[in-house]
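Computation of the quantities below employed the complete heavy-atom set of this structure, encompassing side-chain atoms and omitting hydrogens, waters and symmetry-equivalent molecules.
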Amino acid sequence: AELMHLTCAAAVAMCDAVEKIAGFRPGAKWINDLVYDGRKLGGILTEMSLDKGGIDYAIVGIGINCCQTVTDFPAPLQDMAGSLSMVTGRDISPAALAAAIMEALSSMSSHLLTDKAAIMDRYRSGCITLGQEVSLHRAGCVTHARAVGIDNEGALLVCHPDGRTEAVNSGEASVRGMYGYV
């Protein structure tokens, strides 16, 4: 329970690293995409294993598109994928970005459990999903709601058309109209 916000914390760290190296701050699409100007720049995948009620391990996988051009992406992705070079108009050093990522993750890990509220406040302030209509894709069913918040564990808080509020902890939440989702 203490690490449910790990993906959000990693997203804040990645945004810090990109800002340091590329000079702009991307937003986060709940829970694990880095986006800028409607294009996905990267993503984060987190896997944890529990052992006898505790964490056995946590793995955070990070991918950020650094130097691609539009034509480097497959045709179906060219309208939604982006890279740091596409945003800045200049080459971005993958080595410099990797160093900034390591520095940002090290900083994040030193206060991951002690400054959880501050980390989550930073995540919320950069989350482009908030205030948007979302499609929730779960168990073969699609429902629509409005993203109204993110709790301190990283769950997306949505308000359904009937006024019911729900915390979404898993599944896919797609911002309607972004990346071609409807």
Side-chain angles (χ1 to χ4, degrees), residues 2-48 58-73 77-132 134 147-157 172-175 177-181:
E2 292 292 319
L3 282 178
M4 293 305 295
H5 70 298
L6 180 58
T7 302
C8 296
V12 170
M14 293 311 88
C15 289
D16 289 347
V18 168
E19 186 173 31
K20 178 178 181 178
I21 296 304
F24 72 94
R25 188 167 189 89
K29 179 191 145 299
W30 183 84
I31 190 168
N32 61 341
D33 287 350
L34 297 185
V35 297
Y36 188 81
D37 198 23
R39 291 182 178 269
K40 181 176 176 178
L41 302 177
I44 301 161
L45 291 176
T46 304
E47 179 180 321
M48 287 188 247
I59 299 171
V60 178
I62 297 163
I64 299 176
N65 298 329
C66 200
C67 300
Q68 294 85 349
T69 65
V70 170
T71 58
D72 290 327
F73 298 107
L77 301 179
Q78 289 181 355
D79 290 337
M80 63 187 94
S83 72
L84 303 184
S85 290
M86 287 170 59
V87 172
T88 63
R90 61 182 169 82
D91 287 339
I92 300 294
S93 165
L97 180 61
I101 288 170
M102 295 304 295
E103 184 178 302
L105 287 172
S106 177
S107 175
M108 179 264 304
S109 70
S110 69
H111 59 271
L112 181 63
L113 299 178
T114 58
D115 291 335
K116 185 175 180 178
I119 290 168
M120 291 308 299
D121 285 345
R122 290 189 68 209
Y123 182 80
R124 285 182 201 97
S125 73
C127 184
I128 62 101
T129 307
L130 294 178
Q132 301 294 315
V134 296
V148 295
I150 299 169
D151 71 15
N152 279 339
E153 281 66 50
L156 181 66
L157 304 175
E172 177 67 24
S174 303
V175 176
M178 186 173 195
Y179 309 149
Y181 300 138

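- With sequence neighbours left out, Asp79 forms a side chain to side chain contact (heavy atoms under 4.5 Å, CB included) with no residue at all.
- Judged by distance alone, the side chain of Arg90 and the main-chain N or O of Ala22 form a donor-acceptor pair under 3.5 Å.
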Would you give me the side-chain donor-acceptor pairs under 3.5 Å for residues 92-100, sequence neighbours excluded?
{"residue": "Ser93", "atom": "OG", "partner": "Ala95", "partner atom": "N", "Å": "3.4"}
{"residue": "Ser93", "atom": "OG", "partner": "Ala96", "partner atom": "N", "Å": "3.1"}

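- The list of side chain to side chain donor-acceptor pair (under 3.5 Å) pairs with a residue in residues 104-119, not counting sequence neighbours, reads Lys116-Glu153.
- Once rounded to the nearest 0.5 Å, the distance linking CD1 of Ile128 with CG of Asp37 reads 11.5 Å.
- When every heavy atom of Val60 is checked against every heavy atom of Ala10, the shortest pair comes out as CG1-CB, 3.9 Å.
- Applying the salt bridge (Lys or Arg N to Asp or Glu O under 4.0 Å) definition to pairs two or more places apart or across chains, none involves residues 58-69.
- The shortest heavy-atom contact between Met108 and Ala13 is CB-CB, 4.2 Å.
- The minimum heavy-atom distance linking Pro26 with Cys15 is given by the pair O-SG, 3.5 Å.
- Under the 3.5 Å distance criterion, the side-chain polar atoms of Glu47 are left unmatched by any main-chain donor or acceptor of Ile59.
- Annotation for Ala28 and Tyr123: closest pair CB-CE1, 3.8 Å, computed over non-hydrogen atoms.
- Annotation: side chain of Asn65 is not in contact with side chain of Met86 (no heavy-atom distance under 4.5 Å).
- Looking at every heavy atom in both residues, Ile64 comes nearest to Met14 through CD1-SD, 4.3 Å.
- Around CE of Met48, the count of heavy atoms belonging to other residues, nucleotides or ligands within 6.0 Å exceeds 12.
- For Glu103, the side chain to side chain donor-acceptor pair (under 3.5 Å) partners at least two apart in sequence or on another chain are Lys20.
- The side chain to side chain contact (heavy atoms under 4.5 Å, CB included) test applied to Glu19 returns Arg25, not counting sequence neighbours.
- Of the possible donor and acceptor atoms, none in the side chain of Ser83 sits under 3.5 Å from a partner among the backbone N and O of Cys67.
- Rounding to the nearest 0.5 Å gives a distance of 11.5 Å between CG of Asp151 and NE2 of His5.
- Under the side chain to side chain donor-acceptor pair (under 3.5 Å) criterion, Asp72 pairs with Thr69, not counting sequence neighbours.
- Distance check, rounded to the nearest 0.5 Å: CD1 of Ile44 to CG of Leu34 gives 5.0 Å.
- For Val87, the side chain to side chain contact (heavy atoms under 4.5 Å, CB included) partners at least two apart in sequence or on another chain are Phe24, Tyr36, Leu41.
- Checked against side chain to side chain donor-acceptor pair (under 3.5 Å), Thr46 has the following partners two or more places apart in sequence or in another chain: Thr7.
- Pairing each heavy atom of Trp30 with each of Cys127, the nearest pair is N-SG, 4.0 Å.
- Shown here are the side chain to side chain contact (heavy atoms under 4.5 Å, CB included) partners of Arg124, two or more places apart in sequence or in another chain: Met120, Asp121, Leu130, Ile150, Asn152.
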Report task. May I have the step-by-step check of side chain to side chain contact (heavy atoms under 4.5 Å, CB included) for Leu112 and Leu3, ending in yes or no? Result -> CA-CA 8 Å; Leu112 181 63; Leu3 282 178; 3.3 Å; yes
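- In this structure, the side chain of Asn32 does not engage the main chain of Leu45 through any donor-acceptor pair within 3.5 Å.
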